[in-house]
Amino acid sequence: NLTEKLDGIFRKLKSRGRLDEENIRESLKEIRMALLEADVNFRVVKDFVEDVRSRAVGREVLESLTPGQQVVKIVHDRLVELMGGEGSQWLKLVDRFPNPVMLVGLQGCGKTTSAAKLARLTMEQGRRTALVSTDVYRPAAIDQLRVLGESLGAGVLQPADTEDPVDIARRAAAEAESLGYEVLILDTAGRLHVDQAMMDELQRIKSAINPSEILLVADAMTGQDAVQVAQKFNEALAIDGVILTKMDGDARGGAALSLRAVTGKPIKFVGVGEKADALEVFHPERMASRILG
Amino acid sequence: LFGEKKIGADLFEELEEMLVTADVGPAFAAELIDEMKEIAKRSELGSPDVLRTILRDNIRFILKQREAPLDIPRDGLYTVMVVGVNGTGKTTTIGKIANELKSRGHSVMLAAADTFRAAAIEQLEAWGERAGIPVIKQKMGADPSAVVFDALQAARAREAGVLLIDTAGRLHTKVNLMEELKKVGRIMGREVPGAPHEVLLVLDATTGQNAVNQARMFNDAIGVTGLVLTKLDGTAKGGIIIRLAREFDIPIRYIGIGEKMDDLRPFDSKEFVDALMG
Ligand SMILES: Nc1nc2c(ncn2[C@@H]2O[C@H](COP(=O)(O)OP(=O)(O)OP(=O)(O)O)[C@@H](O)[C@H]2O)c(=O)[nH]1
Ligand SMILES: Nc1nc2c(ncn2[C@@H]2O[C@H](COP(=O)(O)OP(=O)(O)OP(=O)(O)O)[C@@H](O)[C@H]2O)c(=O)[nH]1
Ligand SMILES: [Mg+2]
Ligand SMILES: [Mg+2]
């Protein structure tokens with residue numbers, strides 16, 4: 001593992017009880033490799049390693065740690081700091097009902113499944129919750145959300161006589177309000193961040209319903225492209241946070257750092273399975289350890 | 001001489017960044033760059049263009065060896081099991097392939113063996129309807145092996161030429177789900193000698209290094225005989241496929257370039273490298 005590799009590096013050097021430019025150079029190369037292997041974006045890694053270098057140089061090695069452990073600790077702590085910190089860790093729900101919560105993201109990342117998981121969460125808090133799908137493109141997408149919603153006992157709104165996602169959203173919001181729902185979770189169709197027409201559609205949905213929360217749903221196994229995706233979605237919508245899905249796999253999840261670095265927005269939840277109860281709050285320390293492998 | 005050396009360092013950094021951001025993987029990228037550095041030293045090549053061409057040809061060579069379209073015999077029943085982790089595009093890809101094979105004169109049938117996920121059967125049925133291709137299904141919650149068994153009987157009875165089997169997305173780390181897949185494979189082999197004739201692993205081009213784990217574990221579990229790389233219409237370059245081409249002797253059958261029926265292309269190594277390196 002990384003600590004062992006770094007210990008090996010330091011054993012070969014004259015360890016002086018203090019970290020300096022010379023003795024951490026090899027370590028920083030190893031750290032860079034580890035982060036790239038974990039799918040953290042190339043540029044994000046560059047900035048991060050430089051940041052770690054400036055923090056590590058001149059640092060005393062604590063008595064209780066080997067120099068390798070000391071460097072890993074600096075890296076780990078910095079990762080936790082970057083991915084944790086300020087930014088609400090929960091949904092921003094207000095007293096204006098319904099609170100529209102909009103889920104967006106690339107194709108297949110887990111939006112529809114996550115919509116149901118969020119509904120279960122808010123219902124657990126005693127908030128009457130409805131779901132609506134604005135995905136008129138994918139075959140059986142609306143059925144998928146309806147089946148999930150019904151098995152939860154959540155309201156499922158399906159405005160009739162319209163095939164326009166913006167119209168569906170607007171009418172569902174009005175219906176949710178008249179029916180007294182506290183939370184309305186909107187599932188949207190998967191789309192490419194470079195599909196201008198589809199990104200415009202999201203902006204029009206946003207203008208129509210004024211969401212309390214917009215969450216970017218992203219797959220934990222996403223590679224270098226996470227940066228482009230996050231940037232475009234955030235520029236178009238000013239997202240409030242991220243749901244990182246499929247964390248029950250063995251992807252290192254470096255995309256988490258890239259997403260945070262590019263948008264400045266917190267990862268609020270992680271998906272850890274296919275069932276409705278498989279949603280957890282994000283833990284930066286666990287994520288940091290996972291990324292470092 | 002000094003000037004040329006300086007160009008070298010910047011060029012190699014630039015090429016490394018290009019490879020890594022294409023998801024080729026840092027170790028493999030470093031290896032490719034080291035090879036370039038060796039060549040540059042030995043032959044004293046100063047031109048960035050020549051080095052770029054050498055890299056392009058090198059990658060093309062690796063990929064060309066995995067260029068092999070599905071070769072489906074015109075007699076007998078050919079069975080294709082489609083597998084992969086959640087959300088990669090299996091069901092959509094089946095719709096596209098089914099349509100393409102039908103347009104080439106094959107008689108095609110589909111099996112809805114994802115009996116787990118909400119509306120999975122309905123989704124495949126919609127694709128079947130669009131292409132005018134029959135779909136064999138049971139209820140949600142049925143045993144996938146039972147659906148596949150039924151589908152094989154139906155395919156033989158109707159003398160279908162190709163049967164495409166949609167399976168539920170599953171993470172390669174879930175032992176019980178991988179066991180379920182193995183069971184489906186065994187049932188198929190017992191019913192139809194040689195089945196599954198093709199096990200197609202569908203990979204998402206936006207996936208990073210985890211694709212290597214996926215390929216390894218699916219291959220270890222059931223033996224993968226073909227790859228499909230989807231969502232190449234996005235900005236992800238899918239460079240992980242180069243690593244897979246080198247580490248596994250598995251042909252790359254198709255790429256997915258969109259969500260519509262026609263958004264399928266046979267894998268072409270030249271087009272792929274051109275898209276990767278610009
Ligand atoms: N293992 C696991 N699977 C998940 C998780 N979240 C979603 N999935 C699965 O991922 C696949 C895709 O999920 P969907 O909810 O359909 O994804 P989507 O983003 O709505 O897809 P599109 O609407 O087509 O863009 C399904 O098989 C889900 O069951 C998760 O946290 N863990
Ligand atoms: N842009 C793009 N989207 C694609 C492509 N292939 C599939 N998709 C989309 O990806 C999403 C997931 O596709 P599915 O076919 O449901 O994926 P799956 O692997 O069957 O998913 P599960 O069965 O839930 O594991 C859908 O929104 C598809 O339209 C592609 O080549 N390009
Ligand atoms: Mg969906
Ligand atoms: Mg499917």
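Not measured: the values here are computed from a predicted model. So you know, we letter chains A, B, ... as the sequences are listed, proteins then strands, and number each from 1.
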Can you give me every donor-acceptor pair (side chain of residues 26-37 of chain B, partner residue at least two apart or in another chain, under 3.5 Å) with its distance?
unit_1: B:E31; atom_1: OE1; unit_2: B:R246; atom_2: NH2; d: 3.4
unit_1: B:E31; atom_1: OE2; unit_2: B:R246; atom_2: NH1; d: 2.5
unit_1: B:E35; atom_1: OE1; unit_2: B:N58; atom_2: ND2; d: 2.9

**Report entry** Interface moiety of A:R32 toward chain B, non-hydrogen atoms closer than 4.5 Å
**Finding:** side chain
Report task. Pick one of side chain, backbone, both or neither for A:E274, based on which atoms fall under 4.5 Å of a heavy atom in chain B. Result -> side chain
If you count heavy-atom pairs under 4.5 Å between each of [options] and chain B, which one has the most?
{"options": "A:A140, A:P139, A:A220", "answer": "A:P139"}
{"options": "A:L192, A:N41, A:V147", "answer": "A:L192"}
{"options": "A:Q228, A:H193, A:M33, A:R138", "answer": "A:R138"}

Can you tell me which portion of [X] sits under 4.5 Å from chain A's heavy atoms? Options are side chain, backbone, both or neither.
{"X": "B:Q214", "answer": "side chain"}
{"X": "B:E259", "answer": "side chain"}
{"X": "B:K174", "answer": "side chain"}
{"X": "B:N213", "answer": "side chain"}

Query - Residues in residues 104-118 of chain A that sit under 4.5 Å from chain B, counting heavy atoms only - result: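 Within residues 104-118 of chain A, the residues under 4.5 Å from chain B are A:L106, A:Q107, A:G108.
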Report summary line: Those residues of residues 194-201 of chain A that come under 4.5 Å of chain B on a heavy-atom basis, listed by number, are A:V194
Any carboxylate oxygen within less than 4.0 angstrom of a Lys/Arg side-chain nitrogen, looking at [X] and [Y]?
{"X": "B:K90", "Y": "B:D114", "result": "no"}
{"X": "B:R52", "Y": "B:E14", "result": "yes"}
{"X": "B:E180", "Y": "B:R170", "result": "yes"}

Quick one: does any side-chain atom of [X] pair with a main-chain N or O of [Y] as donor and acceptor, under 3.5 Å?
{"X": "B:K102", "Y": "B:G132", "value": "yes"}
{"X": "A:R260", "Y": "A:L82", "value": "yes"}
{"X": "B:R265", "Y": "B:D262", "value": "yes"}
{"X": "B:R66", "Y": "B:I242", "value": "no"}
{"X": "A:N234", "Y": "A:I239", "value": "yes"}

Query raised in the report: Could you walk me through whether A:D39 and A:R252 pass the salt bridge (Lys or Arg N to Asp or Glu O under 4.0 Å) check?
Result: CA-CA 7 Å; A:D39 292 324; A:R252 295 266 289 276; over 6 Å; no
Report task. Count the heavy atoms of every other residue, nucleotide or ligand shown that sit under 6.0 Å from CZ of A:R78, and state whether that count exceeds 12. Result -> yes
Query raised in the report: Any chance the side chains of A:D225 and B:T206 put a donor and an acceptor closer than 3.5 Å?
Result: no
Heavy-atom pairs under 4.5 Å with chain A - which of [options] has more of them than the others?
{"options": "B:N86, B:D233, B:T173", "answer": "B:N86"}
{"options": "B:E122, B:E125, B:Q123, B:E17", "answer": "B:E17"}
{"options": "B:R130, B:E16, B:M140, B:K237", "answer": "B:E16"}

Requested in this report: For B:L19 and B:I59, run side-chain contact (heavy atoms from CB on, under 4.5 Å): C-alpha distance rounded to whole Å, both residues' side-chain angles, the deciding distance at 0.1 Å, then the answer.
Outcome: CA-CA 11 Å; B:L19 290 171; B:I59 294 174; 3.9 Å; yes
**Report entry** side chain to side chain donor-acceptor pair (under 3.5 Å) contacts in which one or both residues fall within residues 145-157 of chain A, not counting sequence neighbours
**Finding:** A:D143-A:R146
Query raised in the report: Within a strict 4.5 Å, meaning less than it, do heavy atoms of the A:F233 and A:R191 side chains meet?
Result: yes
